[in-house]
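For reference, the structure discussed in these notes is given below.
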Amino acid sequence: MKVLAIDTSTYALGVSLLDGERIIGEHMTNLNKNHSLRVMPAIQALMNECEVKPAELDKIVVAKGPGSYTGVRIGVTIAKTLAWSLKIPLAGVSSLAVLAASAYFYPSYISPIFDARRGRVYTGLYRFEDGKLVAVEEDQNIALTDWCSQLKKLDREVLFLGEDVHLHAESIQEIMADQALLKGGLAASPRPSDLARLGLHEPAADLHSFVPNYIRLAEAETKWLEQQKAEE
Amino acid sequence: MKKDIYILGLETSCDETAAAIIKNGREIVANVVSSQIESHKRFGGVVPEIASRHHVEQITLVLEDTLQQANMTFDDLDAIAVTKGPGLVGALLVGVNAAKALAFAHQLPLIGVHHIAGHIYANRLIKEFTFPLLALVVSGGHTELVLMKEHGSFEVIGETRDDAAGEAYDKVARTLNLPYPGGPHIDRLAAEGEPTIDLPRAWLEEGSYDFSFSGLKSAVINTLHNAEQRNQELKPEDVAASFQQSVIEVLTAKTIKAAKEYQVKQVLLAGGVAANRGLRKALEEQFAELKDIELIIPPLSLCTDNAAMIAATGTILYEQGKFEDLAMNGYPGLDIEQS
Ligand SMILES: [Zn+2]
């Protein structure tokens, strides 16, 4: 069972190959550079090195968002097209879940963070139960202060994870004090092999209708809906 | 015996998700276009983020329809061609990455096509090219005169300095409160009206093949505004007819002048505005008198964005051995002369 996993939802560009539960290859860069140009060459290089031909793939896994709209779209387009044309299943995994998965030894709640500007974040609430990552609260776009006030009621320590955590460190600590544990930097990178492992047992998605989980509507659509409401 | 060449084309540069298979650069085997126009109407124009989202929803469906229509598999194809620019960047990236994935999955050559070259090559699905030829490209984003001396070579001898003709149409349509997209509505109204209003023609300096439509657009807006202040009623049909006449007069006169100067054998009409009935009629009438220049106007279905034109252009690049590697990107401002 050979699985190819693709993650382009943040600056990190990740590609990995799994054979069953075993990681046979992983490629990751963490650069603010063009994903559209680099993903297919990265896939090609990794598969060449691992001596796996496209026709030998059994499943495609993709990080489906949230994240950069364009970034996620690139990964999803490639994943969808590969799966469709190779006639193999496609599975989508939350990009936040991939980040949360990097804290697999952490015993309490995990809140993976992608900055969403203007004091807002993309996040969800996860925890490991019997070695399996479980979503406790679904992925959402929320004002960080609202999110922290909500988590405070849990009365358990929460791990805030991600490269963007430092942008919100002050606000988190102000509300949650000792209840919050913050991890950024190296310890907080989404790993493409974690994505592949999460996707391995994920049921196949309906291919044609598969789209990124943007969480947010396009700005023009939000404005249009507001206008419709105002006119009613 | 020469082997037949089958190219799969993909086009997602604006608001149509399209795929097609073309045989030997000239014969349509399958041609599928999924338009998003209904979705963008409520916004009064194409919203890039929404266009990109629709492309992801449609891409594999359109590809599947295309292969089914052609009754073919990837084993029957010789290469994958895709629009690499110009266009909306987010929209381009969907087609480009899908094409790269296909080329990789089936180990097929990858070809990047300039969108406007595609519009020009839509004509080759109707008639074989004879060089030198001149193409008048008119669309929402482009107004240019392109000279071709051989396959795959494009020289822009004139282009718009401000608004594209299609843009001017949309803006004038908006001032007349016509729904988006405005071009066809102006064309329809113009056919019912008389060009009674005196509007400027931007000929620019002597000998220039460039165009300018922003002055004309402002003149229309001013005329409507002044009439309103004087409580004078202008028939929208007459406004449309006067505006359209000014656009068409400049377009046809410059095309004819360039066709004569460069002694071309063919003149091709290309781009979305090529669907304009007024423009088609004016060109047909004037070129009827020029016996040694052949005028080619594609059917309406090949004037708007489609992938048949991309696969047709891709076939020429395939024959010329011009391939891309998997690092190909989308280029929103791609220049046709450098493509
Ligand atoms: Zn076009």
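Per chain, numbering begins at 1; letters A, B, ... match sequence-line order.
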With a 4.0 Å cut-off, would you call [X] and [Y] a salt bridge?
| X | Y | answer |
| --- | --- | --- |
| A:Arg216 | A:Glu221 | no |
| B:Lys217 | B:Asp162 | no |
| B:Lys41 | B:Glu38 | yes |

Of the backbone (N, CA, C, O) and the side chain (C-beta and beyond), which part of [X] lies under 4.5 Å from a heavy atom of chain A, both, or neither?
| X | result |
| --- | --- |
| B:Phe74 | side chain |
| B:Val47 | side chain |
| B:His106 | side chain |
| B:Glu64 | both |
| B:Leu67 | side chain |

Given B:Ala99, B:Gly330, B:Ala101, B:Ala103, the one with more heavy-atom pairs under 4.5 angstrom with chain A than any other is B:Ala101

Interface check, chain A: of B:Arg53, B:Glu57, B:Lys100, most non-hydrogen pairs under 4.5 Å belong to B:Arg53

task: Kindly say whether A:Pro112 contributes a backbone atom to a donor-acceptor pair with the side chain of A:Thr123 at under 3.5 angstrom?
output: yes

Could you go through A:Asp139 and A:Ile215, starting from their C-alpha distance and side-chain angles, then the distance that decides it, and tell me whether this counts as side-chain contact (heavy atoms from CB on, under 4.5 Å)? CA-CA 8 Å; A:Asp139 293 352; A:Ile215 295 195; 3.7 Å; yes

Taken to the nearest 0.5 Å, the spacing of A:Glu137 CD from A:Leu151 CG works out to 8.0 Å

CD (A:Glu202) and CZ (A:Arg197) are apart, to the nearest 0.5 Å, by 15.5 Å

Listed by number, the residues in residues 27-38 of chain A that come under 4.5 Å of chain B (heavy atom to heavy atom) are A:Asn34, A:Ser36, A:Leu37

Ranked by heavy-atom pairs below 4.5 Å to chain B, first place among A:Val211, A:Leu82, A:Thr81, A:Thr70 goes to A:Thr81

Hits for ring pair (Phe, Tyr, Trp, His ring centres under 6.0 Å) against B:Tyr318, two or more places apart or cross-chain, chain-then-number order -> B:Phe323

* To do: Would you kindly say whether A:Ser16 and A:Ser193 are connected by a side-chain donor-acceptor distance under 3.5 Å?
  => no

Would you kindly say whether A:Ser95 and A:Tyr122 are connected by a side-chain donor-acceptor distance under 3.5 Å?
no

Under 4.5 Å to a heavy atom of chain B? For A:Ser85 that would be both

